[in-house]
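See structure below.
Any value given below was found using the heavy atoms of this structure, including those in side chains, with hydrogens, waters and symmetry copies removed.
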Protein chains: 2
Amino acid sequence: MTPVPGRPVRGSRSGRPIMALLDLLGRRWCLRVLWELREAPGSFRSLQSRCDEVSPSVLNTRLAELRAARLLEVSEEGYRLTAEGRALGERLLQLSSWAEGWAVGLESAQAPAAGAEPGAVRRRRSPLKAGPANGG
Amino acid sequence: MTPVPGRPVRGSRSGRPIMALLDLLGRRWCLRVLWELREAPGSFRSLQSRCDEVSPSVLNTRLAELRAARLLEVSEEGYRLTAEGRALGERLLQLSSWAEGWAVGLESAQAPAAGAEPGAVRRRRSPLKAGPANGG
DNA sequence: CTCCATTGCTACTGAAAACGTAGCGCAACG
DNA sequence: CGTTGCGCTACGTTTTCAGTAGCAATGGAG
């Protein structure tokens, strides 16, 4: 089921646009497909190959969802982003530049923060300062 | 296993930063947790509640991964984004504004593109125009 | 001081999603 | 016509997520 704004989606009962988007983008391979299509349209097998041989069944499911969400359309070249999809893709580009800085920061830290590192949130009986009211 | 730049991650053999990021963000609930933390820090149960009662086991896994990636840290208020994490969160904000436009576009289209709609990529024996060389 | 409510998770099971493979049917090339 | 390559689909297996119960630590109330 493709998450779209206005309908309840995983993570939201209200169907807020950003919630629908987070749900869709949070599916395995979705961001990667968008990323690849941002660079160039492609056929099914081309996309499969560019996504490191993702399984055809999952790729097909993701393509159908992206199409249902009108981020992607079928053309003579195979699959390409719609205008909306391209606009989204431009915003993904900014993630790339962020990621370069991230990688540098991780390198200087030498390793990912170890899971065994002390520092888990202490148990407490009183609630910590409340966050904002529930979104959704 | 937390995807980090420099190591092979799902979707990439080279460990390119953007690939590690796409892998991490493409996990269920990851974007949503980042989105909620962008707004305000929170305790475990607060985050759980703000993420529409996500299961504690998955939330715990996601928090650990985000922490290993140094996007999140433990503080007196519970969990909060690191400086890097906040920078990423700002970029997520831009997705929100995009999503508002998306929702409008979908409304005027009246329904998500039906899966049963004709227009799947036609079979062909010759490859379509090739996309770029494999990324990853 | 004791009791007990609340917290941060963990353990565990079943459901859903992803993975991986084989192969069908169509298109088109030789 | 036979063969090759394409876009998927079907199906079984593995992994991840969803959901629940509950433990141990914390600390507020009496």
Detail all sub-3.5 Å separations between protein N/O atoms and N/O atoms belonging to nucleotides 20-24 of chain D.
residue	atom	partner	partner atom	Å
D:dA24	N3	A:Arg123	NE	3.3

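For D:dT9, one of the phosphate oxygens OP1 or OP2 lies less than 4.0 angstrom from a side-chain nitrogen or oxygen of A:Asn60. Between D:dT16 and B:Trp29, no contact under 4.0 Å exists linking OP1 or OP2 to a side-chain N or O. Contact annotation: A:Arg122 does not reach the phosphate of C:dG8 (side-chain N/O to OP1 or OP2, under 4.0 Å).
Atom-to-atom, CD of A:Glu53 to C1' of C:dA22 comes out at 16 Å; the value is rounded to the nearest Å. Atom CG in B:Leu59 sits roughly 11 Å away from atom P in C:dT10 (whole-Å rounding). Summarising the geometry, the separation between CG on A:Leu47 and C1' on D:dC8 is reported as 13 Å, rounded to the nearest angstrom. Protein atom CZ of A:Arg27 is 8 Å distant from nucleotide atom P of C:dA17, rounded to whole Å. Distance, A:Tyr79 OH to D:dG7 P: 8 Å, rounded to whole Å. Rounded to an integer number of Å, the gap from CG of B:Asp23 to C1' of D:dT16 is 13 Å. Atom P of nucleotide C:dC19 and atom CZ of A:Arg32 are separated by 12 Å, given to the nearest angstrom. Rounded to whole angstrom, the span from the CG atom of B:Leu63 across to the P atom of C:dG8 amounts to 11 Å.
Between C:dC9, C:dA18, C:dT7, one nucleotide has an atom nearer to the side chain of A:Arg62 than all others, and that is C:dA18. Listed nucleotides D:dC8, C:dC29, D:dC17 differ in distance to B:Ser126; the shortest reach to its side chain belongs to C:dC29. Nearest nucleotide to the B:Phe44 side chain, out of D:dT16, C:dG8, D:dT9: C:dG8. Nearest to the side chain of A:Val121, among C:dA18, C:dT7, C:dG8, sits C:dG8.
Formation of a donor-acceptor pair under 3.5 Å by the A:Ser49 side chain with backbone atoms of A:Ser46 is not found in this model. Listed for the A:Glu36 side chain is no donor-acceptor partner under 3.5 Å among the backbone atoms of A:Leu47. A donor-acceptor contact shorter than 3.5 Å links the side chain of B:Trp102 to the backbone of A:Ala69. At least one donor-acceptor pair under 3.5 Å links the side chain of B:Arg32 to the backbone N or O of B:Arg50.
At least one side-chain heavy atom of B:Phe44 sits under 4.5 Å from a side-chain heavy atom of B:Asn60.
Along DNA chain C, the nucleotide closest to B:Arg124 and the one closest to A:Arg124 are compared, and the more 5′ of them pairs with A:Arg124.
With sequence neighbours excluded, no residue forms a ring-ring contact (aromatic ring centres under 6.0 Å, His included) with B:Trp35. Under the side-chain contact (heavy atoms from CB on, under 4.5 Å) criterion, B:Ser75 pairs with B:Glu77, B:Arg80, not counting sequence neighbours.
A donor-acceptor contact under 3.5 Å is formed by the side chain of B:Arg125 with the base of D:dT4.
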